[in-house]
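We count ligands from 1, going down the list as the structure has it; atoms in each ligand are counted the same way. Residue indices begin at 1 and follow the sequence shown.
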Amino acid sequence: MQYQPLKYIYKPSHVKDAPTLLLLHGTGGDENDLLALANYFGEGLNVLSLRGNVSEQGMPRFFKRLGMGIFDEADLTFRTHEMIAFLKELAVKENFNVNKIIALGYSNGANIAGSALYLYPGFFAGVILYRPMQPFKVLPAVTGDQTTRIFASNGLQDPTINPEATKAYIQQMENDGWPVEHHHLEAGHNLTREDLELSVIWHQRYFDNGTV
Ligand code: MLT
């Protein structure tokens with residue numbers, strides 16, 4: 001299968017060589033869904049929002065699944081390569097620094113971001129994972145650097161994700177060398193203000209001083 005371009009919205013920052021906040025929606029969302037969140041992360045960021053190339057009964061997703069929480073890992077691998085190749089091309093076309101991307105993913109978007117962490121270690125400067133699930137049943141051995149900073153938050157009342165599974169996923173990322181800030185929130189699958197506030201504080205702590 002050939003790689004296909006992804007639909008996107010790109011809003012350049014007025015700041016020279018700014019980092020880019022990459023927004024990755026959940027199932028049924030699109031490139032408009034998470035745009036409003038970008039405003040909370042400050043003015044000095046380019047904003048890039050993608051629409052997944054997969055349609056599940058008309059609902060956009062970033063990769064196929066075989067059932068609730070059962071991922072088509074071959075498609076996830078292909079779509080991750082497709083997305084990374086697209087980001088590298090788009091960085092040239094839209095003139096942003098491909099080494100200064102902070103990915104923010106929600107649910108299905110968090111899961112392709114998690115897949116990219118393992119398949120392309122060091123590609124993202126930072127990753128924010130809202131309601132993530134482990135992308136592969138057996139995570140690939142990590143080669144390369146684990147400098148990417150990770151924020152993750154899950155909902156203790158999330159009906160679609162077992163908190164114990166999230167805990168195991170986070171533990172694996174830490175064992176693999178990534179610095180992870182993780183929060184178990186009194187929440188379901190939907191995003192809450194607390195997810196946003198905690199991730200903005202994390203972003204300010206590690207990226208606001210232009211360290212990306
Ligand atoms: C979803 O409904 O999107 C699942 O919770 C996560 C996924 O399929 O990636």
Nearest-neighbour protein heavy atom for [atom], which is reported as residue plus atom name and distance:
atom: atom 2 (O) of ligand 1; answer: Arg65 NH1, 3.0 Å
atom: atom 6 (C) of ligand 1; answer: Asn111 ND2, 3.4 Å
atom: atom 3 (O) of ligand 1; answer: Thr27 OG1, 2.5 Å
atom: atom 8 (O) of ligand 1; answer: Arg61 NH1, 2.8 Å

Does atom CD of Gln157 have more than 12 heavy-atom neighbours from other groups under 6.0 Å away?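 Yes.
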
For Phe63, does the six-membered ring have the charged nitrogen or CZ of Arg79 within the cation-pi criterion, i.e. under 6.0 angstrom from the centroid and within 45° of the normal?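 Judged by the rule, Arg79 and Phe63 form no cation-pi pair.
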
Below 4.0 Å from any atom of ligand 1, is there a heavy atom belonging to Ser107?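 Ser107 counts as a contact of ligand 1 under the 4.0 Å cut-off.
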
Ligand 1 contacted by Phe63 (non-hydrogen, < 4.0 Å):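 Contact present.
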
Hey, would you say the [X] and [Y] ring centroids sit under 6.0 Å apart?
X: Tyr3; Y: Phe78; value: yes
X: Trp178; Y: Tyr118; value: yes
X: Tyr206; Y: Phe151; value: no

Near Phe71, which atoms of ligand 1 are under 4.0 Å from a heavy atom of that residue?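 Close to Phe71: 7 (C), 8 (O), 9 (O).
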
Which atoms of ligand 1 sit under 4.0 Å from any heavy atom of His189?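 Close to His189: 5 (O).
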
In Å and rounded to the nearest 0.5 Å, what is the CD to CE distance from Gln134 to Met173?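 Atom-to-atom, Gln134:CD and Met173:CE are 8.5 Å apart.
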
Once you round to the nearest 0.5 Å, how far does CG of Leu198 lie from OH of Tyr130?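 Output value for this atom pair is 9.0 Å.
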
With nothing but distance in play, are any N or O atoms of Asn108 less than 3.5 Å from an N or O of ligand 1?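 So ligand 1 has an N or O lying under 3.5 Å from an N or O of Asn108.
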
